[in-house]
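First the proteins, then the strands, lettered A, B, ... as listed; each starts at 1. The model shown is predicted, which means the values in this text are computed figures rather than measured ones.
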Amino acid sequence: MSKNFGESTTTSATFAGFPERNLEKVSQGSIVVFGAPVDSTLPRRSGCSKGPKAIRQATMNALSCYFNSPSKTVVSIDTGKTTRFRSEAVGIDLGDLADCTEVTSETLTQVQKLTAGVNNQGGLPVLLGGDGRILEGFINGLQSSLPELGLLVFSNRLDLPEANNLHSKALSTLLTSKPSSDSYPLLAIGVNGIQPHENWKEIKMIHGNIISADDIHDQGIEAASNEIQQFSLQNKQILCVVDAGVLDTGYAAGTPSLNVGGLSPLQLIDILSKTNFAEKLVGVCVSNVAPSLDARGHSQYASAEALLAILGERLFEDIS
Amino acid sequence: MSTVDLNLSMQSVPSFFGAPIGDIEDLSEKKIAVAGLFCDHFSEGEPGARYAARQLRYASLPLLANGLKISTPSNIIDVGELNVFPIEPIKTQSILEEQSYRIQQTGARLLALGGDYSLIPALVSGQLKANPDCHLKFIRISRNLDASEILDTQKNPMNRSSATRQIAEFCGGARSIAMLGVSDLSSIEEYEYLTDGFVRSAHQLSKSLTGLSEQIVDDLQDQEVGVYLSVDVDVLALPSIRSNSPYLGTGLSPEQLASVISELGKLPIIGADVTGFIPDLDLSGSAASLTVIEIIRSVIEAMSKESALCH
């Protein structure tokens, strides 16, 4: 609502200023954003239902330096690099799934159907969560037509948490493709804390890889960015997932669970900025953002900036 | 009337650093008039900075009571909040300019605390009116350039995104502007507008501060110069402080910011402000307020120094 006193930032935002449209308007190559405002259940902290709205608003804030420029162009004072926001990029915002407040099998089915619908029409689905468990529906929706999916996950854990009557599920079990010696179907980055040994073992069994938060703290972000380049070379279709839980609680407390020793927002964004797999993207999921648990707003801003970095050249053009 | 001997411990009325509370009649040369700005809603950015002055006064109390390394600077007077008209931006602009002018006329220097950057052009305009022969150099420490094109000033007279350009027009162009601690990514049009000015990113400042003050006034060595210092806490890096502009994750540490301000103390500072701090949205509460208090203390020290450069 405008306050009539000048410029207002309280208007409700769509993602990156995309027009709000329905599924019929999805076109080939367009970026299609939708939210699943499902909350987490005990013992995880609630607050994720406000995630999609907060990510959209934070994205607009993160893009403000572009939108303040009549030519949608920014310059890096440090490097001189000039980057333009592609106003011509085709994207739509479908809004949020209605009547979708908790993770249930029905919710996952809704997410699956919508994801499959977007994918079948040639769009790039971008899911804004919501509790991280929605990833199951998202992956199922993509795998119906993309069986050779490579899963790149930024998360502090190797499984999806249990919710209501749904049991916890290891990341490796989400993929339906049969493992082979030359496949590299899963890369998990930022894993931290105690993980079930089975989950660890199963990822290795399907020829996946894990770069822990400690690896990144010890060896620098190159440990992750180099591995992502390898992963990108071996996969034609990449689904990228950012679970905000990968961030250290000291920097970004707005997540359903706590993560001490996780990645800093700058580490996450630096990793994503130094890699480029935008051409191979078949889907993006950002989840576990609970803005009410982070009054300083860092969790949603970090997630929004990570999402913009993932979309990379689909949204930005280097015109130096 | 009988006197009753009560053994009570009374806490003084909160003021900035426990400074004496006064009015314009109490101001004189060498004094610093510290004033609050209870206004944050005329332009973009999250509201809440209007509460900064109140919070900073309250945060001063435990600071003084606990005897931390801070003492009440002898030259400051808390003159309360500057008057504003909450629903009339044009009248607010005019009265801020007038108050800034009147304070400057007493010989004292204004330090405005709280509020947002959209109010500062009015204060700078008042300073210029009071010092017509002085070449004013405007130094802004902020993440944002805020130098967008000035649009309809009648409809929207107080606009943060073009505040720097407004001030540059008052001061004789972009050459009079120095922007420090700017975010690495800035709108190309705003950056090009400031080509003749002095712009340094937070990353560049964190490498070295040697000769910074000299470089800023390099073109004004033989002129009568006054410096207005404007500090926005949005320049601080994550996760220090919540401010009213978008998070980018980069910036200066509180120590680096205090060092920059201290370096600028070589210049003749005739007025200053510290804006952008939103106290009530900050989880760390008083810890954040104490950090901002430290920054303000650096500004007061810089204002109190004898200028080593310029006239």
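Judged by the 6.0 Å distance and 45° axis criteria, B:Lys91 is positioned over the aromatic ring of B:Phe85. A cation-pi geometry, defined here as NZ or CZ lying under 6.0 Å from the six-membered ring centre and within 45° of its normal, holds between B:Arg200 and B:Phe198. With a 6.0 Å cutoff to the six-membered ring centre and a 45° limit on the axis angle, A:Arg84 does not count as a cation-pi contact of A:Tyr66. Cation-pi contact between A:Arg56 and A:Phe15: absent, since separation from the ring centre below 6.0 Å together with deviation from the ring axis within 45° is not met.
Interface summary for chain B: among A:Ala252, A:Ala58, A:Ser71, the most heavy-atom pairs under 4.5 angstrom belong to A:Ser71.
For chain A, the nearby parts of B:Ser201 are the backbone and the side chain; heavy atoms of each come within less than 4.5 Å. Of the atoms belonging to A:Thr73, heavy atoms from both backbone and side chain fall under 4.5 Å from chain B.
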